[in-house]
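All heavy atoms count here, side chains included; hydrogens, waters and symmetry mates do not. In what follows, chains carry the letters A, B, and so on, assigned in the order in which the sequence lines appear, proteins first and then strands, with residues in each chain numbered from 1.
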There are 2 protein chains.
Amino acid sequence: MRHTFPLLLATTLLSTPLMAQDDLRAAALEAFKPLPSTVPAVADNPITPEKIELGKALFFDPRLSASGVFSCYSCHNLATGGDDNLETSIGHGWQKGPRNAPTVLNSVLNEAQFWDGRAADLAEQAKGPVQAGVEMANTPDNVVATLSSMPGYVAMFSAAFDGAAPNFDDMARAIEAFEATLVTPAPFDAWLNGDDAALNADQLAGMQLFMDKGCVACHEGINVGGHGYYPFGLIEKPGAEILPVGDKGRFAVTETADDEYVFRAAPLRNVSVTAPYFHSGKVWDLKVAVQIMAESQLGEALSDQEADQLVAFLDSLTGEVPAVTVPSLPAETGNTPRPTAEVLTAPE
Amino acid sequence: MRHTFPLLLATTLLSTPLMAQDDLRAAALEAFKPLPSTVPAVADNPITPEKIELGKALFFDPRLSASGVFSCYSCHNLATGGDDNLETSIGHGWQKGPRNAPTVLNSVLNEAQFWDGRAADLAEQAKGPVQAGVEMANTPDNVVATLSSMPGYVAMFSAAFDGAAPNFDDMARAIEAFEATLVTPAPFDAWLNGDDAALNADQLAGMQLFMDKGCVACHEGINVGGHGYYPFGLIEKPGAEILPVGDKGRFAVTETADDEYVFRAAPLRNVSVTAPYFHSGKVWDLKVAVQIMAESQLGEALSDQEADQLVAFLDSLTGEVPAVTVPSLPAETGNTPRPTAEVLTAPE
């Protein structure tokens with residue numbers, strides 16, 4: 001759904017330069033929510049240890065790609081913030097993807113997936129890159145043939161899905177189950193949970209600015225964004241180097257004129273470690289990204305100190321990635337389809 | 001060094017169809033050696049926890065490549081036997097490497113590195129792919145600039161190398177230290193260490209055949225290979241589809257006519273999970289690979305049962321990969337060189 005803008009929210013929050021922590025926390029808890037202490041539940045996909053184990057194997061398995069080069073992990077690298085730190089990802093045949101890869105961390109808590117929200121959930125999302133010609137360039141049939149050729153996968157699917165043989169839908173559900181475990185509690189959560197010492201003065205001032213200036217109007221909730229769709233350039237469109245004219249965002253999903261250059265508000269958890277920024281991936285400096293946002297979305301020219309404090313607040317959203325041990329994947333058999341580096345579709 | 005062939009060894013080992021386990025073990029311990037229970041020592045590079053931690057970070061870091069796409073882990077994937085399960089690796093610009101990527105597992109125990117032994121140790125080896133135009137396509141200067149731009153790496157280098165700033169040599173030493181931890185105790189080791197139940201009858205028969213037929217002449221020692229250089233096609237050269245005429249192996253290192261088509265004997269630990277086989281990566285089926293070896297190196301046509309038993313023995317070399325937790329890498333800064341997908345050198 002499209003949100004209306006609670007533009008008045010900010011003015012009601014702040015009356016003094018720095019609120020008392022308890023008051024600031026009370027205001028923050030109206031806008032945000034700390035991460036849960038357990039794996040978030042997922043609609044229509046009960047999370048079980050067997051699904052998580054299978055999903056982890058699939059997430060790390062480059063044999064989901066036609067070339068055998070790319071796994072989910074390649075572009076959603078758990079060592080580098082759950083993304084690939086590239087402008088846009090490089091995939092099959094050295095083709096460049098159209099948009100910056102979002103982080104997989106905490107993505108289970110987004111309202112919908114992809115920059116334009118075209119996938120309702122992570123299970124639907126997981127099917128996209130596997131088949132995209134510029135990403136993993138595979139087909140569901142070939143993926144199922146690959147997984148079915150390995151007794152280890154057959155056993156894991158059976159254990160996770162009540163005796164089922166490997167299939168594309170359950171592959172996606174298992175990946176969703178593993179990804180649901182990738183939540184990253186941060187100093188921000190510790191502070192929301194009552195630990196006054198978790199944030200320093202700059203971070204607190206930044207949080208107050210975040211609410212005062214109105215950033216929170218779009219970047220709210222448990223993921224500090226990831227909910228609702230908004231035009232990029234609400235007040236003033238950024239230049240075409242940042243907002244390329246050819247990518248009309250959610251318009252491609254809804255075909256509604258109102259949705260031209262509309263994108264899902266980026267979830268901001270771990271934003272400090274997931275440069276470069278925006279769907280175009282054109283901005284590497286978080287402070288610059290904050291300044292662009294303030295101008296384009298709020299019509300605000302931030303002072304240098306304000307920008308620094310906002311960045312300090314965003315730093316407090318960098319969380320701890322759960323310990324993930326590299327799985328040992330089943331070995332290929334004589335029936336496993338062989339990888340091919342051939343590029344069958346022309347680059348877009 | 002070039003080994004001479006102890007061709008008489010086999011005949012002295014076997015007098016009965018299946019030796020008593022104790023006799024077989026005594027013979028096997030003449031030829032092989034179980035893995036150590038601690039991290040192997042490395043010449044001129046004392047292993048410390050700080051070096052291992054830094055090396056692990058570097059091993060997983062795609063920013064060692066010019067494109068930001070490839071890390072050591074990409075082609076030496078710990079989830080798939082320490083290699084990439086490709087004929088030859090795909091690297092920068094979607095170029096194909098010249099030879100099959102060997103497993104990193106237990107590689108610290110090889111006499112030298114690469115198929116032609118051109119690197120004396122893993123530290124020397126690690127510098128190769130980082131700079132190879134068809135692999136990571138980076139330069140030492142750019143790597144050092146990248147690492148020096150991140151305070152997290154500066155601190156890790158300092159801790160690991162007595163206050164040193166990031167530099168290319170220590171990068172390689174740290175990677176070697178991490179790789180030294182990647183040893184994989186297998187049922188084969190348990191049996192060598194005295195556990196009669198660790199191997200089944202087929203595996204024992206296969207081990208006896210391995211020694212009897214003379215496979216052990218080249219594939220001996222702690223890594224069941226990885227020591228000494230031998231002509232591929234000693235008795236009968238395999239076809240050009242398996243032994244391409246353009247790749248003369250160790251000849252390129254020594255420029256000695258005797259070394260044409262000479263390669264380091266492949267270490268066979270984890271061979272069951274590291275298809276495809278040979279330096280050309282042209283054979284996917286281990287049984288076929290075993291048959292080719294028997295014919296080309298020993299002039300032996302194996303019976304079907306013999307080939308199956310040899311494969312069963314090789315399966316017993318599949319070990320347990322140590323638990324490796326994905327590291328959280330330092331984030332880029334404003335000074336970090338940006339990735340480039342551009343291909344500066346023409347494919348070879």
Side-chain angles (χ1 to χ4, degrees), chain A residues 56-57 59-63 67-71 73-75 77-81 84-96 184 270-276 284-288 315 318-334 336 338-341 343, chain B residues 56-57 59-63 67-71 73-75 77-82 84-96 184 270 272-276 284-288 315 318-334 336 338-341 343:
Chain A
K56 182 171 118 172
F59 185 87
F60 276 88
D61 201 328
R63 295 165 303 189
S67 65
V69 171
F70 302 108
S71 64
Y73 173 91
S74 301
C75 299
N77 191 328
L78 303 180
T80 57
D84 58 8
N85 295 355
L86 300 179
E87 188 174 291
T88 65
S89 301
I90 289 177
H92 193 81
W94 211 243
Q95 297 173 77
K96 281 192 76 176
T184 64
N270 300 297
V271 70
S272 293
V273 295
T274 56
W284 283 86
D285 186 321
L286 183 54
K287 186 172 170 182
V288 172
D315 284 343
T318 302
E320 189 168 348
V321 181
V324 173
T325 307
V326 179
S328 280
L329 301 178
E332 298 93 346
T333 67
T336 307
R338 300 305 171 209
T340 171
V343 179
Chain B
K56 181 169 120 173
F59 185 86
F60 276 87
D61 200 327
R63 294 165 303 189
S67 65
V69 172
F70 301 108
S71 64
Y73 173 91
S74 301
C75 299
N77 190 329
L78 304 180
T80 57
D84 59 7
N85 294 357
L86 299 179
E87 189 174 292
T88 65
S89 301
I90 289 178
H92 193 82
W94 210 243
Q95 297 173 77
K96 282 190 78 176
T184 65
N270 300 297
S272 293
V273 295
T274 56
W284 283 87
D285 186 321
L286 183 54
K287 186 172 170 183
V288 172
D315 284 343
T318 303
E320 189 167 351
V321 181
V324 173
T325 307
V326 178
S328 280
L329 301 178
E332 300 93 347
T333 67
T336 308
R338 301 304 171 206
T340 171
V343 179

From B/His92 atom NE2 to A/Ile90 atom CD1, the distance as rounded to the nearest 0.5 Å | 7.5 Å
Of the listed residues (A/Pro276, A/Ser89, A/Pro327, A/Gly334), which shares the most heavy-atom pairs with chain B below a 4.5 Å separation?
-> A/Pro327
Taking the side chain as every heavy atom from C-beta outward, state whether A/Val326 and B/Tyr73 have any pair of such atoms under 4.5 Å apart.
-> yes
Quick one: closest heavy-atom pair of A/Trp94 and B/Ala341, and the distance?
-> NE1-O, 2.9 Å
Where does B/Ser272 contact chain A at under 4.5 Å (heavy atoms): side chain, backbone, both or neither?
-> backbone
Looking at A/Val321, A/Val324, A/Asp84, A/Val273, which makes the most heavy-atom pairs under 4.5 Å with chain B?
-> A/Val324
Quick one: of B/Asn77, B/Asn85, B/Leu78, who has the most non-hydrogen atom pairs under 4.5 Å with chain A?
-> B/Asn85
Would you mind checking which part of A/Thr274 comes under 4.5 Å of any heavy atom in chain B, side chain (CB onward), backbone (N, CA, C, O), both or neither?
-> neither
Smallest separation among heavy atoms of A/Thr80 and B/Pro62, with atom names = CG2-CD, 4.4 Å
Counting distance only, does the side-chain N/O of B/Trp284 pair as donor-acceptor with the main-chain N or O of A/Thr336 below 3.5 Å?
-> no
Which residue out of A/Asp285, A/Asp61, A/Thr318, A/Val69 racks up the most heavy-atom pairs below 4.5 Å with chain B?
-> A/Val69
Identify which of B/Ala57, B/Gly68, B/Gly93 forms the greatest number of heavy-atom pairs closer than 4.5 Å to chain A.
-> B/Gly93
